[in-house]
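Beneath this line is the structure, given in C-alpha cells, with notes to follow.
Keep in mind it's a predicted model, so treat the numbers as computed, not measured.
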Amino acid sequence: MDFKTETIQRNDTEIFLLTYEDFDPAHYFEKLTSIEIERYHTFKNIKRKREFVATRFLRHENLGFEHIHYDSNGAPYIKDEGFISISHSANTVGLAINKRHSVGLDLEFPRKNILKIKSKFLSELEMELFDCMNEDVVTQLWSAKEALYKLAGRKEILFIEELLISKTLDGAIKGTIINPDHELYVKLDIFEFNGMFITINTEAVERSK
C-alpha cells in the first residue's frame, strides 16, 4: 500500500492527512476526474505529479469525485462542501474542510537551516516575542504565516510587514493580516503531529471595524 491516511478533528474543522512513499501516479487515475487527468499531464516534475495525485486520492476517499476548483487568487474550493485548504510537506499532503468558515492549513516538517532566513519573514517585534533562536519555534512561525497567507485572500503580500504573529493574554497564538483599508484577526492552533507541525485557524477570521 502506497498511502497511509489519518483524520484529525480540531473544533469544527476536519483535517485529512495522507502520507505516501514513492509511487507511480498513473496507477491512481481512477481517483481523478477527466479534467484532473488532463491537468496532471501538464506537470513535468514527478514530485509535483505525486503531490497532485495524492491530494486527489485524499479528496476522493473523503468527499468522492467532488472537483477541486481554484479562485482568482489560487485558493482551492469545492462547491457545496464548505471551505477547504490544502498543504504539502515532504511526502505528506493535508486537506482541511470546514462547513462554516474559511480555513488556512499549513504542514511543515522542522527546517534545520531556517534560522538563516528568519529575518526575511519575521519582524523585530516577533523576534522579541518568541524564542527565535529555536529552529522548531521559527518553523512554527513560518507555518503560521503560511496559514495566514491562505486566509488573506490576495497574492501580493509581505510576510514580514502584513502577516503578523503575536500572543494573546492567555498565551494563544494570534494572527493579524494587514490590508490597505482594514485588518483581519484570527486565532491559530499550532501543534505537532507525527514529527510535523500543523497550523490551522480554529475560529472564523474577524474583520476590524
Practice task
Can you see which heavy atom on G104 is nearest to which on N201, and at what distance?
Solution key: N-OD1, 2.8 Å
Handout entry: V53 reachable from I78 in the ILVMFWY side-chain graph, under 4.5 Å edges
Key = yes
N/O donor to acceptor pairs below 3.5 angstrom from side-chain atoms of residues 157-167, sequence neighbours left out:
from	atom 1	to	atom 2	distance (Å)
E162	OE1	L158	N	2.7
E162	OE2	R154	NH2	3.4

Fill in the blank from the handout: All heavy atoms of F23 vs all of P25, minimum pair found to be O-CD, 3.1 Å
Side-chain donor-acceptor pairs under 3.5 Å in residues 180-196, sequence neighbours left out?
from	atom 1	to	atom 2	distance (Å)
H182	NE2	N179	ND2	3.1
E183	OE1	Y185	OH	2.6
D189	OD1	R10	NH2	3.3
D189	OD2	R10	NE	2.7
D189	OD2	R10	NH2	2.9
N194	ND2	E6	OE1	3.1

Handout entry: Over-ring placement of R39 relative to Y70, 6.0 Å and 45° cut-offs
Key = yes
Handout entry: Rounded distance (nearest 0.5 Å) linking atom CG of N91 with atom CG of D22
Key = 6.0 Å
Problem - salt bridge (charged side-chain N to carboxylate O under 4.0 Å, His left out) evaluation trace for D106 with K145 - result: CA-CA 9 Å; D106 187 68; K145 294 210 172 190; over 6 Å; no
Fill in the blank from the handout: When rounded to the nearest 0.5 Å, the distance separating CD of E81 from CG of L63 is 5.0 Å
Fill in the blank from the handout: Taken to the nearest 0.5 Å, the spacing of T5 OG1 from E61 CD works out to 7.0 Å
Problem - Side chains of T55 and H88 in contact at under 4.5 Å (non-hydrogen atoms) - result: yes
Problem - Side chain S143, main chain T139, donor-acceptor under 3.5 Å - result: no
Exercise for the section: Say whether, by atom type as modelled, one donor and one acceptor occur between the side chain of T33 and the main chain of E36 under 3.5 angstrom. Expected result: yes
Side-chain donor-acceptor contacts of residues 146-153 below 3.5 Å, not counting sequence neighbours, with atom names and distances?
from	atom 1	to	atom 2	distance (Å)
Y149	OH	K155	O	3.4
K150	NZ	I86	O	2.8
K150	NZ	L105	O	2.7

Exercise for the section: Could you give me the CA-CA distance, side-chain angles and deciding distance for F57 and Y20, then say whether ring-ring contact (aromatic ring centres under 6.0 Å, His included) is met? Expected result: CA-CA 11 Å; F57 181 96; Y20 58 88; over 10 Å; no
Practice task
Give a yes or no on whether the backbone of E126 and the side-chain of E124 come within a donor-acceptor separation of less than 3.5 Å.
Solution key: no
Handout entry: Side-chain touch H101/D12, heavy atoms, less than 4.5 angstrom
Key = yes
Exercise for the section: Group every Ile, Leu, Val, Met, Phe, Trp and Tyr by side-chain heavy-atom contacts under 4.5 Å, then state whether L18 and F29 land in the same group. Expected result: yes
Practice task
Check whether any side-chain N or O of K118 sits under 3.5 Å from a backbone N or O of C132 as a donor-acceptor pair, and report yes or no.
Solution key: yes
Practice task
Validate the cation-pi geometry between R56 and F52: distance from NZ or CZ to the six-membered ring centre under 6.0 Å, angle to the ring axis within 45°.
Solution key: yes
Fill in the blank from the handout: d(H69 NE2, I35 CD1) to nearest 0.5 Å is 7.5 Å
Problem - Residue pair F16 / I84, side-chain heavy-atom distance below 4.5 Å - result: no
